[in-house]
Amino acid sequence: MLYVAQTALELGFQYALVAMALFLSYRVLDIADLTTDGCFVLGCAVSVTLTAAGHPFLAIPAAMLAGACAGFVTAFLQTKLGVPSILAGIITNIGLYSVNLMVMGKSNQSLFQTDTIYTLAKGAGFAGSWYKLAVTALIVLALAAALVLFLGTRLGLSVRAT
């Protein structure tokens, strides 16, 4: 039973990143943006590719950058081409299916026998058997704090006012 609760918390923290992105687009900006679904998978594809290449710590910032690039594509479609927000998100999301396959290089990539941030934390003895939950929670809490700090800046205030 404890294993089920631990796994549920790990997945909950991972999907909390999607929830924060949806919070920004739906609540703060009041835009129906479906790009978030494709960006999450794109981030995973970039992260898996870089982790398999031996760069597990570079994987997270690169995944965030890839998601931001997909968001810029959606923003370009909305602002410069006049595409409605929901349609721009759908177009980007559909396009990301092909981009995700291109990023991965193949349809399935194994991470067995590869160092990830989780295996490195386990090897360092970080948080005992709760190392996956602790690492994921630290990442999510750091990004949540960065989001709160961003929304408190002048640019963040202008985003909220928009």
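The analysis underlying the following values was restricted to heavy atoms, covering all of them including side chains, and did not include hydrogens, waters or symmetry mates.
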Flag, side chain of T49 to backbone of V103, donor-acceptor distance under 3.5 Å: yes
Gap separating the CD1 atom of I139 from the CD atom of Q14, nearest 0.5 angstrom: 9.0 Å
Side chain to side chain contact (heavy atoms under 4.5 Å, CB included), paired with M64, selected from L143, V46, L17: L143
Heavy-atom closest contact (L50 atom, A59 atom, distance): CD1-CA, 3.9 Å
For the student: nearest non-hydrogen atoms of Q78 and A88, plus distance: CG-CB, 3.7 Å
Same apolar cluster (I L V M F W Y, side chains within < 4.5 Å links), Y118/F57: yes
Hydrophobic cluster identity match, F23 and V159, side-chain contacts under 4.5 Å: yes
Nearest heavy atoms of V140 and F13, plus distance in Å: CG2-O, 3.0 Å
Minimal non-hydrogen separation, L120 against P56, with atom names: CD1-CG, 3.9 Å
G67 versus C39, closest heavy-atom pair with distance: O-SG, 3.5 Å
In one Ile/Leu/Val/Met/Phe/Trp/Tyr side-chain cluster, 4.5 Å: I86, L22: yes
Common cluster, Y97/M104, ILVMFWY with side-chain heavy-atom separation under 4.5 Å: no
Inter-residue atom distance F40.CZ - N100.CG, 0.5 Å rounding: 12.0 Å
Side chain proximity check, L24 to L151, heavy atoms < 4.5 angstrom: yes
Atom pair CZ (F72) and CG (L77), whose distance is rounded to the nearest 0.5 Å: 13.5 Å
Nearest non-hydrogen partners of S107 and L101, listed with the distance: CA-CD2, 4.0 Å
Whether T7 side chain and V4 backbone form a donor-acceptor pair below 3.5 Å: no
Between NZ on residue K122 and CG on residue D115, distance to nearest 0.5 Å: 12.0 Å
Connected via hydrophobic side-chain network under 4.5 Å: F126 and I60: yes
Main-chain N/O of L155 paired to S158 side chain as donor or acceptor, under 3.5 Å: yes
Note, V41 side chain near D37 side chain (heavy atom, < 4.5 Å): no
Approximate separation, where rounding is to 0.5 Å, of L9 CG and K132 NZ: 14.0 Å
Test applied, side chain to side chain contact (heavy atoms under 4.5 Å, CB included); reference residue, T92; option that passes from L42, T74, L34, D33: T74
Y15, OH: over 12 other non-hydrogen atoms inside 6.0 angstrom: no
CG-CD distance between L11 and Q6, expressed to the nearest 0.5 angstrom: 11.0 Å
